[in-house]
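Just below is one structure, and these are the notes that go with it.
All chains are named by letter (A, B, ...) in the order of the sequence lines, taking the proteins before the strands, and each is independently numbered beginning at 1.
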Amino acid sequence: MFKSLKLPLPSNFFCCPFAYGYKPKLYSNNIELRKSASYTYMHSLPCPNRLRALLLACKDKASTSKTHALMLLTGLFKHGNSNGGLIASYVKIGDIKSARKVFDVLPQRGVDAWNAMIIAYSRKEYPVEVLNLYSQMILEGVRPDSSTFTVALKACTRLLDLKTGEEIWCRAMDFGFEYDVFVGSSVLNLYAKCGKMDEAIMVFDRMPRRDLVCWTTMISGFAQSGRPIEAVDMFRRMQKEGMEGDGVVMVGLTQACGNLGDLKLSLSVHGYLIRKDLPMDVVVQTSLVDMYAKNGHLKLACHVFKNMPCKNVISWGALISGFAQNGFAGNALNLLVEMQDCGYRPDLVSLVSALLACTQVGFLKLGKSTHGYIVRRLAFDRVLGTAVIDMYSKCGALSWARTLFDQINSKDSISWNAMITSYGIHGHGKEALSLFLEMTKTNLKPDHATFSSLLSAFSHSGLVEEGQYWFNRMVSEYKVPPTEKHYVCMVDLLARAGRVEEACELIDSMNAESGLAVWVALLAGCCKNGKFLIGEMAAKKVLELNPDDLGIYSLVSNYYAKARKWDDVASVRKIMKKTGMKKVPGYSLVEVKGKLHAFLMEDKSHHQNENMMQLLDKLDHEMRAIGYVPQTEFVLHSLDEEVKEKMLCNHSERLAIAFGLLNTGPGTRLLIIKNLRVCGDCHEATKFITKIVNREIVVRDVKRFHHIKNGICSCGDYW
DNA sequence: CCCGTTGCGG
């Protein structure tokens, strides 16, 4: 990061100048300026333009050097004029080192020379060098021009160095560039990229003249700051002022549409591009793919993608990440292969998407080979490392996750949080705590996310005392204001431990409005512990908040069933039917011999169905012999007990387990991935199965892991 | 008098 300009501050400089009533002085004389060298030269030597033309025509090293020599001979070099052109011609042939060498020995350096050098560094993306030269230039008393300020501001934007940027902007205004569109749009971009859209709009509204670039900056600024509605408003305002968009403007709008998820608007943006016959380059088309993918319309995204005459890795990445983000892990992974078949090398983004896809479906084998690919092909950085940690832990390989965690040498709080979360979901609350304590010994500060990870780890392990202790210390010592997420963890922790009264008190003490999630957590705890007094209230609260998740209604209905309030069960069922919410079909996945197999509830279509049923039948008898009693309360239909018991056997995880047992060698660990929470009966049954077949079965449900071995589950039946 | 300078994709 750029340290400091070490320059005297312009007058009235303070934070965002307009916010504090800053009034720029036009053409101020408060800084002693030497006249620029090119200015003096014009009156003393002939034919400067011929030399410039010559320099501009230079195409290679030879002609540049020749002209350079000519300048030295004629004495032009000594007098300083045209040196900007000389530097620029070295830059043009890509020889920045020579350009800098010339620059350093110039007897007189006019603003053109400085600009040429600064622009060269800007193009090569050396923002720190740009700012160094800029400040040196000011100190030497050379008068910067519009380009100088524009490029210097761009450098600050790259570094996200708002403070330096504002300082430069103030100076630009003092030098008379307040209404320069180039300087102005650079300032807008600086604010936009630093996430200060309110300041940007303040500057924007004061601009007397705005070009298309200014509008684009505002539109994409709003889009990228998560304010898509304002981005669209900005575009409408622009049209009202008689401007038409170009491709770049539309890219900003596609981002806004992607975030809004408004298909109609998305289609109209696409339509605008076609109607106005704007050039559809790779960038525009890729942003359309991304827009449709973010809207969840993968078909449209694919359609645009397929019709792209020219694709690149970014286009592929947009589609792959679209599939992965929308939960279509298989499509994402297939696309990654297809991309390679088409001769494109997966890059960071497509690989992270692939990891995400593997994580979603618990495809450890493919995740591992993706990890291998990353290690071989790319530098293994912190971001990728954290993604791989997440993948391993969510694919059940906690110890591998830890090994990798130890290998990351400059961990940020995201890496720590990922590892703490990993211990949490595997039910290792104590390890999560000791890792947290280790983190506090570094100079990283635990933030709200760290405490979310820690508290949820406690809740998965039922560590009530620890939870209360650290919740209090989070507020008092670490000054992290508790968010709803933290409250949910605490309510969950207390309520599941049966301390529903304390959970209630905690909800009452919340500053913010208590949302749906805390009441759901409370209700779940009441349901588990048969606390019908507080449960009644929690159930009412939950229903009042009109949840749109069918799972929540199932919880309420389960609760009423447990409380034997059949009328209420019926009325909740009625709501569920009326709202027409689709039940998410439960499925289970199991990896066998490097392939992932999926099972739906009561799925009889599998070619091994016969064998699986036989095995389950056999296991059912053996389980009953050693004490298994089917818990039919988990089947919600009003059916005969016998039918209910049969249905339990057809739960998807039983099918997956049967398939896994039949197709793997004795003693192999099975990993089952579920998209819902594991049902209580299956949990019991699996414990018995591990005893009978002498295997370890790991089940990942939507919330956490269950490592089941010898009839005992790592969750301690606490989930 | 001219030139260089500002906004876009996973």
Have [X] and [Y] got a donor and an acceptor in their side chains that come within less than 3.5 Å?
X: A/H303; Y: A/Y292; value: no
X: A/S186; Y: A/N189; value: no
X: A/D290; Y: A/S287; value: no

Quick one: label [X] by what it contacts on the DNA or RNA (base, sugar-phosphate, nothing), any heavy atom closer than 4.0 Å.
X: A/V187; answer: nothing
X: A/Q285; answer: nothing
X: A/S122; answer: nothing
X: A/N312; answer: base
X: A/S146; answer: base
X: A/R123; answer: sugar-phosphate
X: A/V313; answer: base
X: A/L288; answer: nothing
X: A/N115; answer: base

Considering only side-chain heavy atoms of [X], which listed nucleotide, [options], is closest?
X: A/K193; options: B/dG7, B/dG9, B/dG4; answer: B/dG7
X: A/K154; options: B/dG7, B/dG9, B/dG4; answer: B/dG7
X: A/D347; options: B/dT6, B/dG4, B/dG10; answer: B/dG10
X: A/S186; options: B/dG4, B/dG10, B/dT6; answer: B/dT6
X: A/S147; options: B/dG7, B/dT6, B/dT5; answer: B/dT5
X: A/V349; options: B/dT6, B/dC8, B/dG10; answer: B/dG10
X: A/I119; options: B/dG7, B/dG4, B/dG10; answer: B/dG4
X: A/D290; options: B/dT6, B/dG9, B/dT5; answer: B/dG9
X: A/V283; options: B/dG4, B/dG10, B/dC8; answer: B/dC8
X: A/D246; options: B/dT5, B/dG9, B/dG7; answer: B/dG7

Nucleotide [N], atom [atom2] - distance to [atom1] of [X] in whole Å:
X: A/M218; N: B/dT6; atom1: CE; atom2: P; result: 19 Å
X: A/M291; N: B/dC8; atom1: CE; atom2: P; result: 19 Å
X: A/L153; N: B/dG4; atom1: CG; atom2: P; result: 20 Å
X: A/Y191; N: B/dG7; atom1: OH; atom2: P; result: 17 Å
X: A/D180; N: B/dT5; atom1: CG; atom2: C1'; result: 9 Å
X: A/D112; N: B/dC2; atom1: CG; atom2: P; result: 14 Å
X: A/I96; N: B/dG4; atom1: CD1; atom2: P; result: 17 Å
X: A/M339; N: B/dG10; atom1: CE; atom2: C1'; result: 10 Å

(message) Contact between A/L355 and A/I374 at the side-chain level, heavy atoms closer than 4.5 Å - yes or no?
(response) yes
(request) May I ask you to test the A/F175-A/P144 pair for a side-chain heavy-atom distance under 4.5 Å? (result) yes
(request) Could you tell me the separation between the CD atom of A/E166 and the CG atom of A/D161, rounded to the nearest 0.5 Å? (result) 10.0 Å
[X] side-chain N/O to [N] phosphate OP1/OP2 under 4.0 Å:
X: A/Q255; N: B/dC8; answer: no
X: A/Q224; N: B/dG9; answer: yes
X: A/N189; N: B/dG7; answer: yes

Hey, does the side-chain of [X] have a donor or acceptor N/O within less than 3.5 Å of a partner on the base of [N]?
X: A/T150; N: B/dT6; answer: no
X: A/T216; N: B/dG7; answer: yes
X: A/D211; N: B/dG7; answer: no
X: A/S287; N: B/dG9; answer: no

(message) Under 4.0 Å between a side-chain nitrogen and a carboxylate oxygen: does that hold for A/R227 and A/D198?
(response) yes
(message) Going by the rule side chain to side chain contact (heavy atoms under 4.5 Å, CB included), which residues pair with A/R100 if we only count those two or more places apart in sequence or in a different chain?
(response) A/F103, A/D104, A/M117, A/Y121, A/E129, A/L133
(request) Scan residues 266-278 of chain A against DNA chain B and write down, sorted by residue number, each residue with any heavy atom closer than 4.0 Å; if none is found, say none. (result) none
(message) List the residues meeting side-chain hydrogen bond (donor to acceptor under 3.5 Å, both in side chains) with A/Q360, not counting sequence neighbours, and say none if there are none.
(response) none
(request) For this output row, return yes or no: ring centroids of A/W169 and A/F177 closer than 6.0 angstrom. (result) no
